[in-house]
Structures are given as structure tokens and as C-alpha cells.
Amino acid sequence: VLIITVLSVFLWIQSFAQNDIGKLNDIDRIALNTFLPEEIEDLSPTARNNLENKLAQIATRYGMGANELMPRFIISANVVVLSKDITATVPQRIALTSEITLYIGDGFEGKAFESISVTLKGVGENETKAYNTLLKNLNPADKKISQFVENGKRKIIAFYNSQCDFIIKEALVLENQHRFDEAIYKLMGIP
């Protein structure tokens, strides 16, 4: 009777779990959350928001967009101003040349899996508008960015494939110490 009950419950759950999408592979399970450190130099709130939106566009374009409460994997950026000039035009404008470095990493462990730097230029009536013009030139469809994301995905999977046994052992040790929440948390970090 117990076996029949367990089997019935299992089949009942399976009937709700059916979908038309098909099975996901490891790479399709990775989700990237956007994260920008507070220390980015001279970035106005508007430019910061635009950069966060660009990062979200990149993650979403490659099927990795997420907005999780406890983000394991992140896509982040740092902006370094290489030059800031005032044009000789009337009216004067501000011309910025910046290097934007994009990162894919582990938000818990602080491990970087992949990075890429792009140099962009922007001109505007003020610094915020110059930044906004500059950020419009950050193209999520760029082949270099596509390769950056694909390399990041592969490196995340390779890292966890090589570390999975150790993580499971750590979770088992935590389980044996009756630290069940920590064990589950440890296991949930594996994509």
C-alpha cells in the first residue's frame, strides 16, 4: 500500500511537471543578475541606471537574464574615464572616452569567470548626456560581447563540474552536523 501511494504521488507530481519547452542543459540553467559597485567614478544616477539596463539587456539577449533575491552569478561593469575634453564648438560640449570593463562572476565567492574591456566615446551638452551617448554605443549584439558571454557560461560550468564533488561532500558534512539549512544552501549554489 505504501509503495502504491508513493508511486501515485510521484506520477501525480510528474503530470504537473510536463512542459513543451524540453529539457534544459547546464548552460541554459545559468542566470545572471546585474550588479554595479558603488565605487564607479563620476557616474550620475541616470548614467548608472542606463549602464544597469545595458547589463540586463546583455544578460537577457543571451538567455541569462534574472532578478533573483540571492544572485549567485552576476554580470557587472566598471567604467574608467580615459579622457574628458571640452569641445571647441559653439555651444561647447563634453567629449568622454571611457573604458568599460564587463565581468561575469560568482556573486557569493567573488570569483571572476570572464571579463572584456571596450573603449567607447560619447559627446553631450553635459557629462551625464555624454555618458548616456557613450553607453548607447555599448551594443549587446556585438560579436565580442557575445563571445564574452559564451566564454563566461562555459567557465562557470567547467568550474562547477570540477568542484561539484567537493561541494556535495561539504554539504554532506553539514548534514551530518545537523546543519540542514546550510547544507541545502550549499547545494542550491550549483547551477
Side-chain angles (χ1 to χ4, degrees), residues 17 19 21-81 98-120 122 128 131-132 134-164 166-168 170-171 174 179-191:
N19 65 51
I21 297 172
K23 188 173 181 179
L24 297 175
N25 62 27
D26 289 341
I27 287 179
D28 293 334
R29 290 184 182 110
I30 299 171
L32 294 177
N33 289 271
T34 59
F35 170 77
L36 284 181
E38 295 295 324
E39 300 82 33
I40 295 179
E41 65 179 73
D42 301 328
L43 207 57
S44 72
T46 302
R48 181 181 185 80
N49 188 45
N50 287 342
L51 182 54
E52 283 179 322
N53 285 337
K54 281 291 184 174
L55 293 176
Q57 287 174 17
I58 291 169
T60 302
R61 178 175 184 85
Y62 299 101
M64 299 176 70
N67 189 11
E68 299 173 355
L69 295 175
M70 297 186 61
R72 178 77 202 212
F73 303 110
I74 60 170
I75 183 168
S76 186
N78 190 29
V79 179
V80 176
V81 175
S98 294
E99 180 181 68
I100 298 179
T101 304
L102 304 176
Y103 303 93
I104 291 177
D106 184 327
F108 293 172
E109 307 276 330
K111 177 175 181 46
F113 291 109
E114 185 69 14
S115 68
I116 186 175
S117 292
V118 291
T119 301
L120 301 173
T128 298
Y131 262 119
N132 291 339
L134 179 140
L135 291 171
K136 284 181 185 177
N137 295 324
L138 183 59
N139 182 2
D142 185 282
K143 287 182 182 180
K144 290 180 183 178
I145 292 178
S146 172
Q147 191 62 46
F148 154 74
V149 174
E150 289 303 315
N151 288 343
K153 286 180 185 181
R154 277 193 228 100
K155 288 180 179 178
I156 289 170
I157 295 301
F159 176 78
Y160 280 97
N161 282 341
S162 69
Q163 298 297 313
C164 195
F166 299 111
I167 295 169
I168 290 171
E170 289 175 22
L174 291 169
R179 295 164 56 189
F180 302 113
D181 290 342
E182 292 175 65
I184 291 171
Y185 181 77
K186 179 74 76 178
L187 293 173
M188 288 180 67
I190 300 173

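This structure is a prediction, so every number in the text was calculated from the model and none was measured. Positions are given from 1 along the sequence.
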Exercise. Taking all heavy atoms of R61 and all of P140, pick out the closest pair and write down the distance.
Key: CD-O, 3.5 Å
Quiz prompt | Distance in Å, L55 CG paired with I75 CD1, rounded so as to fall on 0.5 Å steps | solution = 5.0 Å
Exercise. Please lay out, stage by stage, how Q57 and N53 fare under the test side-chain hydrogen bond (donor to acceptor under 3.5 Å, both in side chains).
Key: CA-CA 6 Å; Q57 287 174 17; N53 285 337; over 6 Å; no
Quiz prompt | Test item: V118 and L102 side chains (from C-beta on) under 4.5 Å apart, heavy atoms | solution = no
Quiz item: Restricting to pairs with a member in residues 136-145, which pass side chain to side chain donor-acceptor pair (under 3.5 Å), not counting sequence neighbours?
Solution: none
Quiz item: Shortest non-hydrogen contact from A171 to A183?
Solution: O-CB, 3.4 Å
Quiz item: Quick one: CG on L134 to CG on L120, what's the gap to the nearest 0.5 Å?
Solution: 5.0 Å
Practice problem: Could you tell me the separation between the CD atom of E114 and the CD atom of E150, rounded to the nearest 0.5 Å? | Solution: 11.0 Å
Quiz item: Hey, are the side chains of I104 and F73 touching, using non-hydrogen atoms and a 4.5 Å cut-off?
Solution: no
Quiz prompt | Min side-chain heavy-atom separation Y131-V81 under 4.5 Å | solution = yes
Practice problem: Measure the spacing between OG of S146 and CD1 of I58 and express it to the nearest 0.5 Å. | Solution: 10.5 Å
Quiz item: So do the side chains of Y103 and N78 get within less than 4.5 Å of each other, counting heavy atoms only?
Solution: yes
Exercise. Look up atom CG in L135 and atom CD1 in I100, then write down how far apart they are to the nearest 0.5 Å.
Key: 5.0 Å
Exercise. For residues D106 and I156, determine if any side-chain heavy atom of one lies less than 4.5 Å from a side-chain heavy atom of the other.
Key: no
Exercise. Sequence neighbours left out, what passes side chain to side chain donor-acceptor pair (under 3.5 Å) with K186? Give chain and number order.
Key: E170
Quiz item: Could you state the interatomic distance from CD1 (I168) to CZ (F166), rounded to the nearest 0.5 Å?
Solution: 11.0 Å
Quiz item: Any idea which heavy atoms bring A77 and L51 closest together, and the distance?
Solution: CB-CD2, 4.1 Å
Self-check item: Side-chain heavy atoms of R48 within contact of E38, under 4.5 Å
Solution: yes
Quiz prompt | Where S162 and F159 come nearest, the two heavy atoms and their spacing | solution = OG-O, 2.8 Å
Quiz prompt | Any residue meeting side chain to side chain donor-acceptor pair (under 3.5 Å) with T101, in chain and number order, not counting sequence neighbours | solution = S117
Quiz prompt | L138 backbone acceptor or donor facing K54 side chain under 3.5 Å | solution = yes
